[in-house]
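If you're wondering where the values come from, they're calculated on a predicted model, not measured in any experiment. All chains are named by letter (A, B, ...) in the order of the sequence lines, taking the proteins before the strands, and each is independently numbered beginning at 1.
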2 protein chains.
Amino acid sequence: MRASDAAYTALQDEILEGRLAPGTVLGEVGQSERLGVSRTPIREAFSRLVAAGLAIQQPGRGTVVSDISLEDVDRLFEVRIPLETQAAGLAAQRGTPEVFAGLAEEFRHAQEAPEAESHYKLAARMDEAIDTSVGNRYLSTMLANLRVHLIRVRRLAKDQPQRLAESAAEHRDICLGIASGDPQMAEAATSLHLRRSLAYISELRRTEPVPSP
Amino acid sequence: MRASDAAYTALQDEILEGRLAPGTVLGEVGQSERLGVSRTPIREAFSRLVAAGLAIQQPGRGTVVSDISLEDVDRLFEVRIPLETQAAGLAAQRGTPEVFAGLAEEFRHAQEAPEAESHYKLAARMDEAIDTSVGNRYLSTMLANLRVHLIRVRRLAKDQPQRLAESAAEHRDICLGIASGDPQMAEAATSLHLRRSLAYISELRRTEPVPSP
DNA sequence: CTGAGGTTTTCTGTATACACCGTGAAGTGT
DNA sequence: ACACTTCACGGTGTATACAGAAAACCTCAG
């Protein structure tokens, strides 16, 4: 493992988990001392953080953790909905039906016993299956970039068990649509799922406008 | 101007212009001597090239200029069509109609005297107007990443004057759709333009499968 | 002539030293 | 008392030196 990779992974995890709050100023020397590596790998890690959108470089002040709020959810979904819809449609055309039929079955089980950790694990496997089925590196890269930010959003909108069960059912519909080989069905199921997710988060935002002062 | 920025700009230009052919191995020491800077800025430039998808890091061999072919056009458009369609629709909802009405007028003039340089300049201005109208940094970032690759594709598919005139007319339709404030009209015009562009490039590929041995 | 093993060379990854810029604070002059 | 200037400190940007590893080449044996 390269030191720069380790530094990037550590910093990314801390930002995604909220341990490094938005607005925190990251100094090269400070982080190099804290993580026990030289400034060179830290610089590379900072560059990658900026490229991923997790931090921004302010001239003269240094690198600061980028801000994320529930307001960004709308803008994230404006990109996510068309991209994931397209991905699902292409997966329906090119994927192996048995793979997604199996995933649908797993989501059926997950629907009965909603649990956040395993749910997101399973959803990640579905995303991976779609990625490999589509076989488009440009699409995969963009979706990967998006998912990093979605992890931060997920922290802001803590899911309730009821929503998790609904989400599992919607994921199952997506898998069934892909397995059936019908692009429009897969696209419709994906669009429905994402719009319901967005509606759920928007409802949360309306209920409690400020989750953390 | 930082040395790392200069190095990145120089390398990006050379890759986009084809002076650095795909498959070329870029050594840190070689490029540092050629560009007259140290290895440190070169390393940062390489990282940005890899992040942009213009180069890939092969373990042990170094950084090589990524391959681009007419086969990639299909995959690029699989991402471009949904993203640009979404952007046009959002611009129709949020943009200033007068701006796009003015752009439509400019495209009408460009349609009468097709010229590649000014055409792409004008198209870039339209993209910029859409970006600012939408006001979504995630969408803007992804479109910017895409456009880098589209420049390389443009080199492979040299436009004929007839196609340029058609393209100007299609751009004009997009601007008129956005100016009218009708998202669906803007989306339809965008989808039509992109699909016709793709069809034109696909026709080129069918005609001359190997543009450069 | 071919293959395997060793050596050499060149590469990247990391650490560190130095220079420059920007900012902030303190002191002085008005 | 306020404002302006200057000095100092911390920061990033860049250069370079060193270590480890991998690949290519050369040599020797079969």
Could you check how far CD1 of B:Ile42 sits from P of D:dG13, rounded to whole Å?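 Taking atom P of D:dG13 as the reference, CD1 of B:Ile42 is at 16 Å.
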In whole Å, I'd like the distance from the CD atom of A:Glu33 to the P atom of D:dT12. 12 Å
Please check this pair: side chain of B:Arg80 against backbone of B:Val73, looking for a donor-acceptor N/O pair closer than 3.5 Å. no
By side chain to side chain contact (heavy atoms under 4.5 Å, CB included), which residues pair with A:Gln160, not counting sequence neighbours?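 A:Gln160 satisfies side chain to side chain contact (heavy atoms under 4.5 Å, CB included) with A:Tyr200 only.
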Between protein and nucleotides 18-22 of chain D, what N or O pairs are separated by less than 3.5 Å?
none

Enumerate the residue pairs fulfilling side chain to side chain donor-acceptor pair (under 3.5 Å) with a member in residues 93-105 of chain A, sequence neighbours excluded, ordered by first and then second residue.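 Sorted pair list: A:Arg94-B:Glu78, A:Glu105-A:Arg108.
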Under 3.5 Å donor-acceptor pairs involving side-chain atoms of residues 139-146 of chain A, not counting sequence neighbours:
residue  : atom : partner  : partner atom : Å
A:Ser140 : OG   : A:Asn136 : O            : 3.0
A:Thr141 : OG1  : A:Arg137 : O            : 2.7

Anything under 4.0 Å to a heavy atom of chain B counts; send over the first and last such nucleotide of DNA chain C, read 5' to 3'.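 Both ends considered, the range comes out as C:dC11 to C:dT14.
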Heavy-atom side-chain proximity of B:Glu117 to B:Lys121 below 4.5 angstrom: yes
Less than 4.0 angstrom from a charged side-chain N to a carboxylate O is my criterion; do B:Arg196 and B:Glu203 meet it?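 Salt bridge absent between B:Arg196 and B:Glu203.
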Are B:Arg39 and B:Glu44 close enough for a salt bridge, meaning some N to O gap below 4.0 Å?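 Judged by the 4.0 Å cut-off on N to carboxylate O distance, B:Arg39 and B:Glu44 do not form a salt bridge.
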Upstream residue (5' side of DNA chain C) when A:Ser38 and A:Arg2 are each assigned their closest nucleotide: A:Arg2
When the side chains of residues 10-22 of chain A are checked against the rest of the protein, which donor-acceptor pairs come out under 3.5 Å, sequence neighbours left out?
residue : atom : partner : partner atom : Å
A:Gln12 : OE1  : A:Tyr8  : OH           : 3.1
A:Glu14 : OE1  : A:Arg34 : NH2          : 2.8
A:Glu14 : OE2  : A:Arg34 : NH1          : 3.2

